[in-house]
Amino acid sequence: VSEDQRRRHVIQQGPEQVQERATSLVVTAVIGLVVIGALYLAQSARTAAAGRTLQDLEARRQELEQQNAQLRAEIAGLQSVPRLTARAEELGFHHATVDEIEYMPMPDLPPAPAITPTPIPLAIPEEEPAAYEETLGGWLTAQWERLRGQIDLFIWREAAP
Amino acid sequence: VIEKMHRRLTWVKAVLIVLAGLIVYRLISLQFGLHTAYFTNMARSEYLYSVTVRSPRGEIYDRDGVLLSANLLEYEIGMSPVLISDREGTADAIASVMDLPREELLEEMSSPEPYILLMRPAPARIGQTLMALNLDGLVVTPIHRRYYPQAVLAAQVLGFVGYDDVGYYGVEGFYDDLLTGTSNTGGQSRIPFEVTMDRPLRPSTTLHLTLDCEIQYLAESTLDEALRQTGAERGTITILQPRTGEILAMASRPTFDPNSYFNEPDERVFINPIISEQFEPGSIFKVLTMAIALENGVVEPDSTYEDNGVIEVGGQEIYNWDRAAHGTTTMVDLLGLSLNVGAATLSLRTGPIDFYAGLDQFGIGQLTGIDLQGEASGSFRRPGNADWHESDLATNAFGQGLAVTPLQMIMAVGAVANDGLLMQPHVVYQRVESDGTVTTAEPTVLGRAVSAQTAHDLTDMLATALEREASSALVPGYRIAGKTGTAEIPIPGGYDPEGTIASFVGYGPADDPQFVVLIVLYRPTSSRWGSQTAAPVFSQLVSELVVLMEIPPDDVRLEMAP
């Protein structure tokens, strides 16, 4: 088939054939869109379900934590020292006294760890320029206090045995 | 015809395309146009709601993991009468679950009030049962309440949490920020796939205290018994680990139940007197006077002085408690007989500058910095203060004319027990963060009060003095160092001639102190003297304390020592 014949054949395609192709393109596009939409919907539904599950699990976790705390508190109340002591005394027990205890030397027992206290680090005071807020009255009072202190010390030294 | 129809269809297509274009244009303009922010906010307000996320308040445990402070879920139960559709049925249900009289409920349901409170707090069992019934007009609101399983035990150390979820007093008050954490308020989406799990900005912290529940119980039960036997109106017992500054027990009476703090008529019981109440310590202060005198080389452990039974200082005569002259007296006898003239002689020989500097070294008149809310600093006058008098130097020597807190006093004596090192007191032993990070409080030295030699000499003198006087504070099997005190109580215009503050401070074992105990009894009636009231209490307490602390008697311990 020559090149001219082929061109002629293409040109000679009827309008039905063109419509058919357009329809199939539209249908394909629609199917594509539907598939994409379905995928999107499915994914959204799964995410939403996961979100709900997450919320439920979170609520359940909080509920369980609350129940745990409640039980811990109740157990602590039942095991409180005053209650257990009273119960033990009811059953005829008493606190061990020094005389009732027998100490057994254990040669291999490691010594208690030594306590190494931490000294407070020596802070170097940062000198800040003092704001000028001295009043005449304040200055006079400070001078008077200083003078009184010196007088007190002088009197004490004189009177000391 | 077909051509005509085609033309019409073309018009219809054109119109539809134009309409579609307009819709698309409108959509684009709404999405990206000038008013985007407005519409975004409008949309967010529709599907977002505000949620505050916070972690439950941190729990508090003792040093062995015994729960001291927990969170409990309870309920507030009320009703809105106008919303109740079936009064008879609702009254029956409430009456059976809450054990309330049915007729009274029916009467209240006739009330025009919008809301009637039925019970607060209601136990979880009742709240959850009623909630499950889903009754019209019944309002069941969950409320979180702080619960103290040990009830009054260590109440003044713990403090309490108010209805406003704020901690008051003690550990609850001091560590309120840590225990509460930082909440996170944000928008939560109603759209299921936008759900996010917000977390608090900083979750709450769990605290483990230095307190030992068993030792605390021992201190409190001993104090109850002591008040009963001595007739004292109130008292305190403090137990300290001198090597670390850890508070093992803090007991005081009167006290309160933090589970029902709101029923306390007198709010003063919330205050922990061991850190907040200042008192004139009396003769237990002679421990510090002697330490300062020894440290400054004014006297040696075997020095003597001439006791004439009276000394005049600044125009004021100072007598011994027995008004007797004891002649040539040793330093040990000065402590054993608790002679005021001797103590005044020491402070006068030391001089005001060194004496008050010594008090500073012991932390007297300063906040200790303990991690509890409401600490008082105590006070004393010194040269230079307008109201200082030279007689103060003498009276201060035997613990009168100055004010200390029991905590300051025990920390100062604790410094003598700890080879002269003054420690930082603390009640929190460990902080546990929500991610499991553990921070342990390290023993911290605040400074050196006296040299180790002075501390050892003084310890030996105090122990010998107790033994020589056959003190009722002695504990069989253990060498104890300690000092009794009987202080007069200042009142306006002088001192109360009736009541005294009886006290005893002691520590042991003398060669390796593991505990310091301070007992203070206010206005005992069986006797006014600390030697007859507080000292026997000390002996009783320590004989049980050594068992709890697993400290063997001296002979066993020294035999087992490597």
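Naming: A, B, ... by sequence-line order, numbering from 1 per chain.
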Point-to-point distance, once rounded to the nearest 0.5 Å, from CD of E63(A) to CG of L73(B) | 10.0 Å
Proximal component of V66(B), with respect to chain A [non-hydrogen, under 4.5 Å] = neither
Grab the two heavy atoms, one from N385(B) and one from R148(A), that are nearest each other, plus how far apart they are.
-> O-NE, 4.4 Å
If you check every heavy atom in residues 88-96 of chain A against those of chain B, which residues fall under 4.5 Å?
-> H95(A), A96(A)
Y61(B) and R72(A) have their tightest heavy-atom pair at OH-NE, 3.8 Å
With a 4.5 angstrom heavy-atom cut-off, could you sort out which part of I551(B) is near chain A: side chain, backbone, both or neither?
-> backbone
Honestly, the part of Y148(B) sitting under 4.5 Å from a heavy atom of chain A is neither
Please indicate whether E306(B) has more than 12 foreign heavy atoms, meaning atoms of other residues, nucleotides or ligands, lying under 6.0 Å from its CD.
-> yes
Do other residues, nucleotides or ligands put more than 12 heavy atoms under 6.0 Å from the CD atom of E102(A)?
-> no
For residues L72(B) and A73(A), report the shortest heavy-atom separation together with the two atoms involved.
-> CD1-CB, 3.7 Å
Side chain of E214(B), backbone of V81(A): donor and acceptor closer than 3.5 Å?
-> no
Side chains of V547(B) and T97(A) in contact at under 4.5 Å (non-hydrogen atoms) = no
Heavy-atom proximity to chain A below 4.5 Å, by part of E59(B) = side chain
Heavy-atom pair count under 4.5 Å with chain A, highest-scoring of G447(B), C213(B), S543(B), A386(B) | A386(B)
Under 4.5 Å heavy-atom distance to chain A, tell me which part of Q150(B) shows up: side chain, backbone, both or neither.
-> both
Would you indicate whether R61(A), at its atom CZ, is surrounded by more than 12 heavy atoms from other residues, nucleotides or ligands within a distance under 6.0 Å?
-> yes
Just jot down the side chain to side chain contact (heavy atoms under 4.5 Å, CB included) partners of H389(B), sequence neighbours excluded, or say none.
-> S391(B), D392(B)
To the nearest 0.5 Å, tell me how far L67(B) CG sits from E74(A) CD.
-> 12.0 Å
